[in-house]
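We count ligands from 1, going down the list as the structure has it; atoms in each ligand are counted the same way. Just so it is clear, the structure is predicted and the values come from calculations on it, not from any experiment. Throughout, residue positions are numbered sequentially from 1 according to the sequence presented. Hydrogens, waters and symmetry mates play no part in the numbers below; they use all other heavy atoms, side chains included.
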Amino acid sequence: MRTQVGIIGAGPAGLLLSHLLHLRGIDSVVLERRGRDQIESTIRAGVLEQGTMDTLAEAGVGERMKAEGALHHGFELAFEGKRRRIDLTALTGKSITVYAQHEVLKDLVAARVAADGKLFFDVSNTSIHGIDTASPSIRFEHADEQHELHCDYVIGCDGFHGVSRSAIPAALRQDYERVFPFGWFGILVEAPPTSDELIYARHERGFALISTRSQDVQRMYFQCDPNDAVENWSDDRIWAELHARVDSDEGHQVVEGKIFQKNIVPMRSFVSTTMQHGHLFLAGDAAHIVPPTGAKGLNLAVADVRVLTAALVAFYKESRTDLLDAYSETALRRIWRAEHFSYWMTRMMHRLDDASPFEQRLQVAELEHVTTSRAAATAMAENYVGVVAV
Ligand code: RFL
Ligand code: PHB
């Protein structure tokens, strides 16, 4: 088998890259470890930055996102029993869309299938060969047969637990990591929205987030022990915790409903540099992870793919390699900005067990600042909707 660009992983990064390349007349094959049903039903991100919305729309996969996603012009910060709004649109001129990641994936898979794209699900034993040469390859198993895919470039879009990152020699790689001693307990609930906008809450008992999926389904999270088990959390205990952390002195209350899914997500910050070696390039979670507090992970994956698409187009259409050579450096500017923002949001909003009472008051002082100073609110809003200049 031969193609121009061999892509490992059918997450948002891999599928979008394949589709954008197709639109520019460049051939690719996507290899995915899981089944189509599985990737189309795994619950993950929800917030799309303006730049992500624009990229999906330009790629021709924005119809359902526009029709079914909810456009949000701000969000609320809850702390000290009160709620304060960050008006994203007034501060930045931009907005965000709440539209579930697995819906984005359904749209991308449908677009690839409609374009006769080569997409293999349920592959196993993926391995990468010859990235120091001009014709690397990917070996994999599919339907009990061994295959080798020869290509010009291998793109690792296989997420944090994928195989691609370790194909870059360890001596050339530097990993930066911070694992947080807490996780998020996530629930899906059949209920009407608690609020028109997302609520990020800081409370002595820990962080909580009220998000949404539709008029009938809500997504909520609260900070928990990452090693806790969902079985330890009865519905009653979950609601008691959410009320304690999110309800305001002004009378706002979390709206309860039927909980139909529970999961626990660990939290880490991670960056692996370099993101390229020879004919191998990494994009998305394969190279970096942010804690979800800033809602940046999916958006960063899309931003990497934008940079990489431009670089591959320059190579195939103009025989230029300068953009490919600069890929890692270009992508890392936005990545480090998002890492800082996500880390800052996480530290400001979560209960930190090593924090002294003094440091806890600093968290509140910072929240007072971002909700009363227009300059501080603008800095937060710019990062949340996605910084353009990096
Ligand atoms: P993915 O989505 O992990 O996709 C990688 C794919 O590669 C496959 N794979 C392999 N395939 C073949 N061979 C192998 N050896 C393979 N190894 C792995 C996997 O099966 C998988 O299908 O990475 P990608 O494309 O880089 O996308 C990244 C995003 O998924 C991720 O950053 C976001 O979900 C993070 N995130 C959020 N991001 C946002 O921008 N906004 C949010 O609101 C937001 N909320 C979240 C989140 C992540 C969360 N979790 C579950 C960590 C909320 C949560 C709870
Ligand atoms: C979500 O809706 O899943 C979501 C929203 C905002 C975040 C993280 C996750 O910061």
[options]: member with heavy atom nearest to [atom]:
atom	options	answer
atom 9 (N) of ligand 1	I43, D158, L16	D158
atom 46 (C) of ligand 1	C157, G297, G11, A45	A45
atom 9 (C) of ligand 2	Y99, Y221, Y200	Y221

Name the orientation class of the two ring planes belonging to [X] and [Y] (parallel below 30°, tilted from 30 to 60°, perpendicular beyond 60°).
X	Y	value
F75	Y384	tilted
W336	Y176	perpendicular
F315	Y153	perpendicular

Report task. Note the single closest protein heavy atom to atom 40 (O) of ligand 1, along with its residue, its atom name and the distance in Å. Result -> L298 N, 2.7 Å
In terms of atom number and element, which parts of ligand 1 are under 4.0 angstrom from non-hydrogen atoms of [X]?
X	answer
G46	42 (C), 43 (O)
L31	11 (N), 12 (C)
Q101	2 (O), 29 (C), 30 (O), 33 (C), 34 (O)
G9	6 (C), 7 (O), 8 (C), 11 (N)
A295	39 (C), 40 (O), 41 (N), 42 (C), 43 (O)
G284	26 (O)
K296	39 (C), 40 (O)
N299	40 (O)

For [X], is at least one N or O under 3.5 Å away from an N or O on ligand 1?
X	value
A13	yes
A301	no
D285	yes
I39	no
P12	yes
R219	no

With nothing but distance in play, are any N or O atoms of [X] less than 3.5 Å from an N or O of ligand 2?
X	answer
R213	yes
Y384	no
P292	yes

**Report entry** Stacked cation flag R33 on F140, 6.0 angstrom / 45 deg
**Finding:**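 No; the conditions do not both hold, so R33 does not lie above the ring face of F140.
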Query - Contact check, Y221 vs ligand 1, heavy-atom distance below 4.0 Å - result: yes
**Report entry** Backbone of C151 reached by a side-chain donor or acceptor of T3 within 3.5 Å
**Finding:** no
**Report entry** S164 backbone acceptor or donor facing D158 side chain under 3.5 Å
**Finding:**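 Indeed, once roles are kept as given, a pair shorter than 3.5 Å links the two residues.
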Query raised in the report: Quick check: are there more than 12 heavy atoms from other residues, nucleotides or ligands sitting under 6.0 Å from CD of E250?
Result: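 Correct, the count exceeds 12.
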Query raised in the report: Taking atom types as modelled, is there a side-chain donor on T309 or R24 under 3.5 Å from an acceptor on the other?
Result: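 No, no side-chain donor-acceptor pair sits under 3.5 Å.
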Query raised in the report: Does the side chain of R202 pick up a donor-acceptor pair with the side chain of Q363 at under 3.5 Å?
Result: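 Checked: R202/Q363 side chains pair up, N/O donor to acceptor below 3.5 Å.
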Requested in this report: Check if Q101 has a non-hydrogen atom at a distance under 4.0 Å from any atom of ligand 2.
Outcome: no
